[in-house]
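Presented below is the structure to which this report refers.
Reckoned from all heavy atoms, side chains included, excluding hydrogens, waters and symmetry mates. Chain A is the first sequence line, chain B the second, and so forth, proteins listed ahead of strands; every chain is numbered from 1.
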2 protein chains.
Amino acid sequence: MISILHFGHSNFETALAAIVNRGETAQADVRERVREIIEDVRSRGDEALIDYTARFDRLELTAAGLQVTADEIEQALSAVSEESMAALRLAVERIGAFHAKQKEQTWISTEEEDVLLGQMVRPLDRVGIYVPGGKAAYPSSVVMNAVPAKVAGVPEVVMTVPMPGGEVNPHVLAAAHLSGVDRIFKVGGAQAVAALAYGTASVPRVDKITGPGNIYVATAKQQVFGQVDIDMIAGPSEILIINDGSGDAEHLAADLLSQAEHDELASSVLITTDEGMARAVAEALERQLKALSREEIARKSIEQYGAIIVAGTLDEAIAFSNRIAPEHLELAVDNPFEILPRIHHAGAIFMGHHTPEAAGDYLAGPNHTLPTGGTARFFSPLALDDFVKKSSIVSFTRKGLERLGKDIVHIAELEGLEAHARSVAIRLESKS
Amino acid sequence: MISILHFGHSNFETALAAIVNRGETAQADVRERVREIIEDVRSRGDEALIDYTARFDRLELTAAGLQVTADEIEQALSAVSEESMAALRLAVERIGAFHAKQKEQTWISTEEEDVLLGQMVRPLDRVGIYVPGGKAAYPSSVVMNAVPAKVAGVPEVVMTVPMPGGEVNPHVLAAAHLSGVDRIFKVGGAQAVAALAYGTASVPRVDKITGPGNIYVATAKQQVFGQVDIDMIAGPSEILIINDGSGDAEHLAADLLSQAEHDELASSVLITTDEGMARAVAEALERQLKALSREEIARKSIEQYGAIIVAGTLDEAIAFSNRIAPEHLELAVDNPFEILPRIHHAGAIFMGHHTPEAAGDYLAGPNHTLPTGGTARFFSPLALDDFVKKSSIVSFTRKGLERLGKDIVHIAELEGLEAHARSVAIRLESKS
């Protein structure tokens, strides 16, 4: 049974701390093991990839067989139903359209006649997408990572996906095909991350690695950060629902469970101003749990990291949400736009009673890669911006340097940087 | 004497590797020491700050004395000349104006009548700026970090600056005052980073820490990343100048030295298509070096990590630049805008013969915090965007869910996430 807490009561902070502080961090032995794998891939390249893939994925490959072939993709596509292709195509289109709106242009300023300033925006040259294999192989992850990269204009999107025992989810390959992924490699784990970061004879070095993975993958991404860019390191997933007593308890329970079924560390919290709704949702949860094939996982998640909180006022509920900075926030209230301006921190906000979080997971348009564990205070959803980089442009005319040079020299001298000052002064003194 | 290399000749790659692979990485003992300091500040708070400040900065403080007072700021301001105040004020204005152009608006889409999507942009709540003390205390660093935060709308900007022996550079405090810094604390090193990341009784916890620092500061920032956001970890600074034979050898030499005087690890490279220019710049360097007060540092930098490269063609020079992805790139050519579109990777680009890099360091407008060591392939200059975060907005009407629900359910089922599917289906089945 889910716990019902009362906002501000004596046990409230203790119960909350257990939820907020869940999540695993890599232990020293994982860090060490990952460091070894990365070093090994750096020095032995494809050979190391082949060895690890044989050991961890029970798959014997040759260097020539590391990459998924056009035939293998054709074969996967033929195993996917028309209906599935249509659904994935719709996801690719909608996610592409949303991320296209995030595009920034290269710009220059022309206010000053003697100094031109600007910012050049360019796609990254090559991006690597990590996709988990086995059961957690989600085609939606492929779409959410590859489509923004392609919309940003990245010329080459490389994907790695482990294929334990040679098996691959055909929907993952179909999603890659529809999203415009250029090359796919049959490797996973820390070894895949290492190959993407440093390159091997077969796997090209990329500029950024994105995508979800287990603790080995996350640790490897952390360790190669700086050599390449990475997306954020995702912690366990979470949802917070703010409710004002309106709506249907069965719907709210279903939304809590859609989070809880992910894994045992997922957290599903409802904060409502209506004690009756709190009890109704708790009962609906029990009923719905029993009908779920993933009941065991969802039940553990709900019992350990789930909660229904009864708040005195909607103000309290909003303040609580801002304190938690949830990854997913549902505003299950009658007038969600009325309270939107008071939401300060959340990865994605689902408005009103007809917007279950699952709508955002697949094809609404925004990315489903979102900041977890309170990091929505400072991190943003994965976006087009993750696949571009910027360069500043500074262009002085002789007149511009004459106008501003004196102050540049002055600050350089304040800082004791004589050669900085000199590089300006020498131009002002010269005739050319 | 600076080495003159010929593009593609036998010793070229070896000489280049020595330059590209310079830079220090934190050794295990530094990482361990920093980890201890962070733990200590987390558990003992102000007391730990006071202890470390006494030990490392020879400054005895009380908890009440950690923060710089209004009186101390007044006193610093009175020590700063009118001319210096005017120069710093100009820098604040120009940097503010440039970063204001980077502002993104919250937007919503209204193309679909039944599904509204959007992106909300909000400033971070509180930002911490690390400013080095002692000799390397640069007022320009304060401006470059604080002004974008303030322009982004960050309500509280907190700064830390160590004051060894109680001394502080008055220009640093003046820059903080002019940039709108809200509170300043007299601490530095890993302990300052720890205080900003976790908070103490006196120092408030922030959402992001930016600003330059030594290896202890950089390591501490790396270790608290995730608890808070950080800006990039800067490596040693560098400049690459592309020259087509036009311009003045003395100017180019002065620009190389403005980089070299920073520190011994700085790298200054000129690539020119003109062998005569190569020799002239090498000679000018020798002459100018002798006149520099920081000759020793600059000479070491030039001799170890400087080079003049003679390229066969401008195409070669551009390809070389794209391979290096320099932090600072000067296009010291007659028609810089003609080659700009071919520059793929650079932190900041300085156009033509009247734009020495130093112009960008202080007050042109763009940020002087730039990606180093080839990371301009994927990182961008510090920008307004670093001080905001985004939330996605998803709002379905009942009609929208009816239109798209079938495909959402379909993908959820493909992924075996039954509760996800259920959260949509239950709404489609219900009457409300």
Closest approach of B/Arg122 to A/Ile343 (non-hydrogen atoms, all atoms of both residues): NE-O, 2.8 Å
Chain A contact via B/Arg377 - side chain, backbone, both or neither, heavy atoms under 4.5 Å: both
Part of A/Met232 within contact of chain B (heavy atom distance under 4.5 Å): neither
Which atom of A/Leu292 lies closest to which atom of B/Ala419, heavy atoms considered: CD2-CB, 3.9 Å
Option that, when pairs with chain A are counted at under 4.5 Å, heavy atom only, ranks first among B/Gly247, B/Gly365, B/Ala412: B/Ala412
Distance (rounded to the nearest 0.5 Å) between B/Lys390 NZ and A/Leu382 CG: 11.5 Å
Side-chain heavy atoms of A/Val424 within contact of B/Tyr362, under 4.5 Å: no
Per-residue contact mode, B/Phe225 against chain A (heavy atom under 4.5 angstrom): side chain
Option in A/Leu401, A/Val127, A/Leu252, A/Leu414 with maximal non-hydrogen atom pairs under 4.5 Å from chain B: A/Leu414
Contact leader toward chain B among A/Phe387, A/Trp107, A/Phe350, where contacts are heavy-atom pairs under 4.5 Å: A/Trp107
A/Lys101 vs B/Glu111, salt bridge (charged side-chain N to carboxylate O under 4.0 Å, His left out): CA-CA, chis, key distance, verdict: CA-CA 12 Å; A/Lys101 287 178 193 285; B/Glu111 286 99 341; 2.5 Å; yes
Pairs of heavy atoms under 4.5 Å with chain B: top-ranked of A/Ser423, A/Ala298, A/Ala421: A/Ser423
A/Ile230 side, atom CD1; B/Phe378 side, atom CZ - distance, nearest 0.5 Å: 10.5 Å
Which atom of A/Ala87 lies closest to which atom of B/His410, heavy atoms considered: CB-CD2, 3.9 Å
Interchain contact, B/Leu363 with chain A, by part (heavy-atom threshold 4.5 Å): side chain
Selection from A/Gln102, A/Glu357, A/Lys208, A/Gln288 maximising heavy-atom pairs under 4.5 Å formed with chain B: A/Gln102
Proximal component of B/Asp385, with respect to chain A [non-hydrogen, under 4.5 Å]: side chain
Most contacts with chain A, counted as non-hydrogen pairs under 4.5 angstrom, among B/Pro139, B/Gly352, B/Gly400, B/Ala425: B/Pro139
Largest heavy-atom contact set with chain A, pairs under 4.5 Å, which of B/Pro371, B/Gly118, B/Ala260: B/Gly118
Min side-chain heavy-atom separation A/Glu415-B/His171 under 4.5 Å: no
Test item: A/Thr355 side-chain N/O and B/Phe396 main-chain N/O as donor-acceptor pair under 3.5 Å: yes
CA sep, side-chain torsions, deciding dist, call: A/Leu90, B/Leu404, side-chain contact (heavy atoms from CB on, under 4.5 Å): CA-CA 9 Å; A/Leu90 181 67; B/Leu404 298 170; 3.9 Å; yes
Contacting moiety of B/Asp361, where chain A heavy atoms sit under 4.5 Å: side chain
Which atoms of B/Leu116 approach chain A - backbone, side chain, both or neither, heavy atom under 4.5 Å: side chain
Most contacts with chain B, counted as non-hydrogen pairs under 4.5 angstrom, among A/Ala253, A/Gly226, A/Ser293: A/Ser293
Side chain / backbone / both / neither for B/Ile408 at chain A, heavy atoms under 4.5 Å: both
Any donor-acceptor pair under 3.5 Å from B/Arg427 side chain to A/His353 backbone: yes
Engaged part of B/Glu112 at the chain A interface, taking heavy atoms whose separation is under 4.5 Å: side chain
Part of B/His344 within contact of chain A (heavy atom distance under 4.5 Å): both
Closest non-hydrogen atom pair between B/His262 and A/Leu417, with its separation: CE1-CD1, 3.9 Å
Worked verdict on B/Lys389 versus A/His345 for side-chain contact (heavy atoms from CB on, under 4.5 Å): CA-CA 8 Å; B/Lys389 81 291 175 120; A/His345 320 290; 2.6 Å; yes
Region of B/His420 in contact with chain A, defined by heavy-atom distances below 4.5 Å: both
Lys/Arg-Asp/Glu bridge criterion (N-O < 4.0 Å) met for B/Glu261, A/Arg422: no
Interatomic distance, B/Ile411 atom CD1 to A/Glu83 atom CD [nearest 0.5 angstrom]: 11.0 Å
Interface residue of largest heavy-atom contact number with chain B, from A/Asp125, A/Thr397, A/Thr106, A/Leu88, under 4.5 Å: A/Asp125
Chain A contact via B/Ala376 - side chain, backbone, both or neither, heavy atoms under 4.5 Å: backbone
Exercise: identify the closest heavy-atom pair between A/Ile426 and B/Ala254: CG2-CB, 4.1 Å
Region of B/Ala291 in contact with chain A, defined by heavy-atom distances below 4.5 Å: backbone
When B/Gly416, B/Pro356, B/Ala358, B/Ala364 are compared by non-hydrogen pairs under 4.5 Å with chain A, the top option: B/Pro356
Segment of B/Thr375 engaging chain A (4.5 angstrom heavy-atom cut-off): side chain
Atom of B/Ile393, atom of A/Pro366 and distance for their closest heavy-atom approach: O-CG, 4.4 Å
Choice from B/Ser140, B/Ser109, B/Gly360 maximising heavy atom contacts with chain A below 4.5 Å: B/Ser140
Closest-packed option against chain A by number of heavy-atom pairs under 4.5 Å, given B/Asp255, B/Leu257, B/Val115, B/Leu124: B/Asp255
Check: B/Ser430/A/Glu250 side-chain N/O donor and acceptor closer than 3.5 Å: no
Nearest-0.5 Å distance, CG of residue A/Asp207 to CZ of residue B/Phe379: 10.5 Å
